[in-house]
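Numbers here simply count residues along the sequence, with the first being 1. Fair warning: this is a prediction, and the values are worked out from it, not measured in the lab.
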Amino acid sequence: MLLCGTVLRTLVQSSASSAMASSSGSIAATAVAAAAPAAVVAVSHQQQQHHHQHQQRTLRGVVFDMDGTLTVPTIDFASMYRRVLGDDHPRIVSGSPIDILHEIAEWSPEKQVQAYAIIAEYEKQALERLQIMPGAHEVCKLLDSKEIRRGLITRNVKESVDLFHSRFELQEFSPALSREFKPYKPSAAPLLHICNTWGASPSEVLMVGDSAKDDIVCGTRAGAMTCLLDENDRYEVSQLPEEQRPDFKVRTLFEINSLLESCFRLEPLF
């Protein structure tokens, strides 16, 4: 069984045996053993002593990122950044995180046209290889069966969103906001727009994405609950800046279903 604290944070364990070996007899190990092989364990923030088990929060809608969350990542961002910014750009040289859309926002119109042409080239190549993320159909099926709203926010273009909807035979995410909606993530604006469209409080909405600096920050700033999809354990949550720390962390979309059913009261909007 999964445990849900008043203030939520998650630990993801790959197997019951590894958890038992490292935390024999602990609450986390017990929960992992019960939910193996892929377990999501919700614990209180900063390991607070007053941990309220089984407490559920109302959930009325889930908003997803697209690239790397609902679809398998196929864009070679490192190559794209080098072509747009140049190999001698300070962030390229230092290996620092890059927000390419913000980087080029202050450029002259002529330079922006050139930059967006390169970005569009990479995005077109990605469209040709577009694949749905394993577990996406299953989580959508659960949400639809409970009449929980589904929205989408991406920094990709509308053409990509339209192709995603048509290729994978999913009931459309609505609203589905592409980068034509500004300001884009990590601004809270797109998520707040979706909440307003639904008539939902952000506190009753979950933002799911694979980027701590874009998706989680967007959700945090909006006052929503957040879930980080981290397939390859890229993130150590405790080392992230506060604004980037998710309420939940999962390795696959399949784990979202367990999370939804264990830690939330799923209540549709009418």
Side-chain angles (χ1 to χ4, degrees), residues 63-131 151-165 173 175-197 207-224 226 228-230 232 234-235 240-246:
V63 179
F64 295 86
D65 167 56
M66 189 175 76
D67 298 304
T69 301
L70 293 172
T71 63
V72 176
T74 57
I75 296 178
D76 185 347
F77 286 103
S79 173
M80 182 178 72
Y81 295 161
R82 288 194 299 271
R83 283 193 57 193
V84 172
L85 300 176
D87 291 332
D88 58 349
H89 188 279
R91 288 190 173 275
I92 298 289
V93 173
S94 66
S96 301
I98 295 172
D99 186 329
I100 193 67
L101 298 182
H102 282 90
E103 285 283 339
I104 66 179
E106 303 301 321
W107 291 5
S108 68
E110 294 79 9
K111 286 189 64 178
Q112 285 190 24
V113 168
Q114 296 173 358
Y116 277 117
I118 295 172
I119 293 172
E121 176 186 331
Y122 279 84
E123 290 175 339
K124 182 178 181 180
Q125 293 171 1
L127 286 180
E128 296 170 354
R129 302 188 297 269
L130 191 65
Q131 301 176 55
L152 184 152
I153 302 173
T154 179
R155 288 155 60 97
N156 209 320
V157 292
K158 184 178 182 299
E159 179 185 0
S160 296
V161 176
D162 292 342
L163 180 61
F164 169 74
H165 280 146
F173 291 75
L177 304 181
S178 56
R179 73 163 171 259
E180 286 80 6
F181 181 98
K182 296 180 181 179
Y184 28 69
K185 297 179 296 185
S187 168
L191 183 51
L192 291 174
H193 173 82
I194 290 177
C195 291
N196 289 336
T197 300
M207 178 72 205
V208 180
D210 68 316
S211 170
K213 67 181 180 64
D214 290 328
D215 304 314
I216 302 307
V217 171
C218 173
T220 299
R221 290 177 178 177
T226 56
L228 179 65
L229 175 61
D230 188 11
N232 300 311
R234 293 186 301 146
Y235 295 100
L240 291 171
E242 183 66 27
E243 198 174 35
Q244 296 184 23
R245 294 182 189 175

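In this structure Phe181 satisfies the ring pair (Phe, Tyr, Trp, His ring centres under 6.0 Å) test together with His193, sequence neighbours excluded. Under the ring pair (Phe, Tyr, Trp, His ring centres under 6.0 Å) criterion, His102 pairs with Tyr184, sequence neighbours left out.
In this structure, CE on Met207 lies 11.0 Å from CG on Leu228, to the nearest 0.5 angstrom. Atom CE of residue Met80 and atom CD1 of residue Ile118 lie 9.5 Å apart, to the nearest 0.5 angstrom. Between the OG atom in Ser178 and the CG atom in Asp162 there is a gap of 8.0 Å [rounded to 0.5 Å]. In this structure, Leu191 CG and Thr226 OG1 are separated by 10.5 Å, a value rounded to the nearest 0.5 Å. The CG atom of Asp214 lies 11.0 Å from the CD1 atom of Ile153; values are rounded to the nearest 0.5 Å.
Scanning both residues, Val93 and Asp87, for their nearest heavy atoms gives CG2-O, 3.6 Å.
Under the 4.5 Å side-chain criterion, counting only non-hydrogen atoms from C-beta, Pro109 is not in contact with Gln112.
Among Asp99, Asp215, Asp67, Asp65, the single residue meeting the salt bridge (Lys or Arg N to Asp or Glu O under 4.0 Å) criterion with Arg155 is Asp99.
Using bins of under 30°, 30° to 60° and over 60° for the plane-to-plane angle, the ring pair Phe173/Phe164 lands in the tilted bin.
Thr220 places a side-chain N or O within donor-acceptor distance of the main-chain N or O of Glu243, the cut-off being under 3.5 Å. No donor-acceptor distance shorter than 3.5 angstrom exists from the side chain of Gln244 to the backbone of Val217, with no hydrogens or angles considered.
Glu180 CD: more than 12 foreign heavy atoms inside a 6.0 Å radius.
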